[in-house]
Amino acid sequence: MFLKDGIKCHAQFLKSGLVPPIFTSNQLIHLYANHCLIHEAQKLFDEMPERNVVSWNVIISAYVKSNHLPQAKALFDSASVRDLVTYNTILSGYANADGYQSCAIELFLGMQRKRGEMGIDEVTLTTMVNLFAKLCSLTGGRQLHSYMIKTGNDRSGFAVSSLIDMYSKCGCFGDACLVFKGCEGPVDLVSKNAIVAACCKVGEVDLALRLFWRANESNDTVSWNTMISGLVQNSYEEKALELFIRMWKNRVKFNEHTFASILGACCGLRNLKLGKEVHAWILKNDLISNAFINSGIVDLYCKCGNMKYAESACSISGFENPFSITSMIVGCSMQGNMIQARRLFNSLAEKNHVVWTALFSGYVKSQQSEVVFDLLKEFREKEATTADVLILVSVLNACASQSALNPGKQIHGYLFRMGFQMDEKMTSALIDMYSKCGSVAYAENIFRRAVKRDSVTYNVMIACYAHHGQDVHAMHLFREMLEKGVRPDSVTLIALLSACRHAGFLDMGEKLFYSMKEGYNISPEIEHYGCMVDLYGRAMQLEKAVELFKQIPESQQDVVLLGAFLNACRLNRNVELAREVEERILKTERDKGARFVQLANAYAAEGNWDEMGRIRKLMKGNEAKKFAGCSWLYLDHRVHIFTSGDTSHFQAKTIYSILASLTGELCHIGRGPCVEDNSHGILLDKT
DNA sequence: CTAGGGTTAG
């Protein structure tokens with residue numbers, strides 16, 4: 001029934017003075033609810049002289065759909081009649097509303113206990129599977145699955161698609177596939193869409209595409225949206241746009257989900273021109289005030305560096321849309337404009353965890369560690385709830401990047417006192433923090449005690465060993481990783497190869513590098529090549545370094561790789577080649593100042609003062625600017641910052657006299673101090 | 001007899 005017809009029908013009853021029969025009133029209430037006319041629905045419900053169980057069900061459902069859980073709950077509690085549908089309606093309300101999840105579980109347990117009276121059915125079970133998916137509770141999900149198999153409630157499209165989604169969200173792609181493969185008869189479209197989404201989530205794009213095109217004539221809007229969004233998520237933006245054009249040519253209806261993905265594609269490509277076209281299209285389709293779309297547009301303009309447009313898009317949706325403001329905060333952070341980010345943050349009436357996290361990571365990225373800790377204090381004061389795990393992870397990252405051991409330990413202690421469930425993310429962040437702060441033993445301790453370890457956990461621990469010169473330990477851990485069946489990824493290999501290059505393990509490095517593709521299905525990227533070039537250079541095998549270097553297309557060669565190659569040339573005393581590479585480095589536009597300094601320092605370290613002087617002259621001619629590198633210490637709850645020759649510290653005199661005596665000791669041992677030593681990771685390059 | 005509850009895409 002259309003709304004128009006419903007209103008006409010309702011009006012006729014009112015005119016004639018007759019009361020509509022229960023059946024009609026129920027239908028009308030349902031109709032009003034579907035059109036978000038909750039007041040009309042309630043009014044009609046109040047005026048009913050007689051109600052049956054369906055009347056209660058439709059009015060409760062109306063409040064559930066409009067996210068008015070307290071009202072829905074009150075109606076449920078006062079309902080004069082209830083059946084299984086009533087229970088399922090309020091159960092789904094609890095399951096989908098934030099903060100009501102424990103009510104859902106409690107209600108479900110009650111329904112199970114009172115099996116004789118009301119019982120549970122397939123709808124109850126799929127609702128609960130959905131809830132466990134949202135909570136990422138694999139244990140609960142598995143229990144429900146086996147119960148569903150036992151009671152024969154695992155067959156319908158609803159059941160299958162929910163189960164696929166649950167396994168996918170819980171990180172069990174294999175189980176999701178098993179559920180999908182176990183289906184008999186014709187493939188259910190929603191289940192197919194769910195498995196396509198699951199494939200994309202784990203990066204199995206080819207498989208997703210194959211499934212998508214199989215029986216593609218029945219694909220609906222959701223199928224196309226799922227595939228397009230999956231391609232965007234896996235950085236196949238062009239393919240996503242191609243697919244969108246095909247969708248259009250096939251006359252498949254598209255909607256706001258489609259636009260959100262297309263915006264994501266433009267954003268990933270940093271394609272402002274195309275993004276503007278999509279923006280215009282969105283305006284034409286009157287979707288600009290949609291919260292997701294609007295924040296997508298804001299995100300697009302931020303990522304393309306056009307803050308003016310971003311701001312105007314954000315203000316169009318009014319300062320009501322927290323999604324857009326969060327995108328703006330992220331955008332300002334990327335520009336290093338933390339003042340504006342903070343202003344936007346303050347403008348929000350309610351701060352959710354996402355926006356807190358955005359602000360935290362902004363300060364982390366702009367390396368304002370003091371502010372990060374102040375903000376943590378503020379967060380704990382204002383938010384009565386325990387600190388969000390993600391926020392603590394980002395604070396730990398701040399500690400790691402600042403080598404701030406004491407605050408890191410404080411966070412660790414806080415986690416311990418609060419009895420936080422340590423997940424892989426938190427474990428990895430802690431290991432990384434201790435590693436970067438120089439405490440290998442602590443890092444090791446946490447790694448050994450961890451209940452769950454994923455590839456990231458292994459990666460940070462291997463990298464820790466590699467950075468601290470414990471190359472044999474790094475290799476051992478890699479073997480353990482393989483034995484435990486944890487799949488190594490591209491980062492694992494970077495850590496291992498850098499361990500090899502620090503230790504000069506030529507054979508092992510070669511073996512690893514050339515077995516990457518076949519052994520672990522990882523294609524070597526620029527970083528891996530960089531490690532190998534460096535390894536060959538240090539092993540005085542320039543030919544091999546050259547050979548490898550030439551395999552990389554010029555367009556992909558970055559300064560890090562060029563720097564490694566230059567180093568290899570110089571170590572092998574190939575002046576001609578070195579000069580060639582040097583020119584290429586100086587041609588790189590980005591961070592020009594930093595490149596000059598890098599070169600000058602390299603020559604200075606060699607004691608090649610003529611070359612260094614030459615580079616310094618070039619610097620002047622190019623008017624290269626570089627902020628002074630600085631070192632700092634975290635001591636007595638504050639950060640002490642030093643630059644070269646700096647006398648601004650209040651205890652500068654004492655510091656310099658101690659430094660002089662230390663330098664004297666070093667000279668005494670027989671090794672002169674380095675001119676400008678950047679190798680300890682305490683140098684902050686603020687170029 | 002016909003109504004009401006559960007699935008996938010941002």
Side-chain angles (χ1 to χ4, degrees), chain A residues 1 21-31 33-34 51-62 64-65 72 76 79 81-96 104 118 120-131 133 144 148 153 156-166 168-169 176 179-180 188-201 208 212 219-233 240 247 252 254-265 267 287 290-297 299 323 327:
Chain A
M1 203 205 290
I22 297 184
F23 178 86
T24 312
S25 293
N26 290 348
Q27 262 192 321
L28 282 170
I29 292 172
H30 185 59
L31 185 69
N34 280 343
R51 300 168 188 133
N52 63 14
V53 68
V54 179
S55 319
W56 287 99
N57 292 343
V58 286
I59 193 69
I60 293 169
S61 162
V64 162
K65 276 179 194 147
F76 175 80
V81 272
R82 295 177 201 149
D83 64 4
L84 189 51
V85 177
T86 330
Y87 276 87
N88 286 336
T89 308
I90 196 71
L91 183 71
S92 97
Y94 288 157
N96 293 313
M118 210 65 75
I120 55 176
D121 67 357
E122 201 196 273
V123 179
T124 323
L125 290 164
T126 49
T127 306
M128 289 307 288
V129 169
N130 222 8
L131 173 61
L144 281 171
M148 286 162 87
N153 282 316
S156 79
F158 282 114
V160 171
S161 54
S162 305
L163 284 167
I164 291 172
D165 187 52
M166 183 274 293
S168 165
K169 293 219 165 92
V179 172
F180 184 69
D188 169 64
L189 184 60
V190 180
S191 303
K192 182 181 122 170
N193 294 345
I195 195 73
V196 168
C199 290
C200 293
K201 197 163 171 266
F212 174 79
N219 279 346
D220 64 358
T221 302
V222 178
S223 320
W224 287 84
N225 287 348
T226 307
M227 199 59 240
I228 292 172
S229 131
L231 287 168
V232 176
Q233 275 162 32
M247 179 182 186
V252 183
F254 45 80
N255 60 15
E256 69 271 24
H257 289 265
T258 326
F259 280 118
S261 296
I262 294 304
L263 271 177
C267 202
L287 286 167
N290 175 293
F292 288 109
I293 300 279
N294 190 276
S295 83
I297 289 178
D299 199 31
F323 295 98
S327 297

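Each chain gets a letter, A, B and so on, in the order the sequences are listed, and its residues count up from 1.
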Classify [X] by what it touches in the nucleic acid, base, sugar-phosphate, or nothing, heavy-atom distance under 4.0 Å.
X        : value
A:Val190 : base
A:Asn219 : nothing
A:Asp165 : sugar-phosphate
A:Thr226 : sugar-phosphate
A:His257 : base
A:Lys65  : sugar-phosphate

[X] side chain N/O closer than 4.0 Å to the phosphate oxygens (OP1, OP2) of [N]?
X        : N      : result
A:His30  : B:dA3  : no
A:Ser229 : B:dG10 : yes
A:Gln27  : B:dT2  : no
A:Asn130 : B:dG6  : no

Check every atom of [options] against the side chain of [X] and return the nucleotide holding the closest atom.
X        : options              : result
A:Asn57  : B:dG10, B:dT8, B:dG4 : B:dG4
A:Ser261 : B:dG10, B:dA3, B:dA9 : B:dG10
A:Ser161 : B:dA9, B:dG6, B:dT7  : B:dT7
A:Asn255 : B:dG4, B:dA9, B:dT7  : B:dA9
A:Val53  : B:dA9, B:dG6, B:dG4  : B:dG4
A:Asp188 : B:dA3, B:dT7, B:dG6  : B:dT7
A:Asp83  : B:dG4, B:dG6, B:dA9  : B:dG4

Q. Does A:Asn219 use its side chain to pair, donor to acceptor, with the backbone of A:Phe212 at less than 3.5 Å?
A.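 Between the backbone of A:Phe212 and the side chain of A:Asn219 there is a qualifying donor-acceptor contact (under 3.5 Å).
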Q.
Quick check against the 3.5 Å criterion: does A:Lys201 have a side-chain atom that pairs as donor or acceptor with the backbone of A:Ser168?
A. yes
Can you check the [X] [atom1] to [N] [atom2] distance for me, whole Å?
X        : N     : atom1 : atom2 : answer
A:Met166 : B:dG6 : CE    : C1'   : 15 Å
A:Asn96  : B:dG6 : CG    : P     : 9 Å
A:Met128 : B:dT7 : CE    : P     : 13 Å
A:Ile59  : B:dA3 : CD1   : P     : 20 Å
A:Asn193 : B:dT7 : CG    : P     : 14 Å
A:Phe23  : B:dA3 : CZ    : P     : 7 Å
A:Phe212 : B:dA9 : CZ    : P     : 15 Å
A:Met148 : B:dG6 : CE    : C1'   : 10 Å

Q: Please tell me if the side chains of A:Leu84 and A:Asp121 come closer than 4.5 Å, counting only heavy atoms from C-beta onward.
A: yes
Q. Roughly how far apart are A:Asn57 CG and A:Asn26 CG, rounded to 0.5 Å?
A.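 These two atoms lie 9.0 Å from each other.
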Q) To the nearest 0.5 Å, what is the distance between CD1 (A:Ile195) and CG (A:Asp188)? A) 12.0 Å
Q.
Is it the case that B:dG6 (base atoms only) and A:Thr127 (side chain only) share a donor and an acceptor within less than 3.5 Å, ignoring hydrogens and angles?
A.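 Under the 3.5 Å cut-off, the side chain and the base do not form any donor-acceptor pair.
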Q.
Should the side chain of A:Asp220 and the base of B:dA9 be counted as holding a donor-acceptor pair, with the cut-off at 3.5 Å?
A. no
Q. Cation-pi between A:Arg82 and A:Trp56: NZ/CZ under 6.0 Å from ring centre and within 45° of the ring axis?
A. no
Q: Check the angle between the aromatic planes of A:Phe254 and A:Phe259 and answer parallel, tilted or perpendicular using the 30° and 60° thresholds.
A: perpendicular
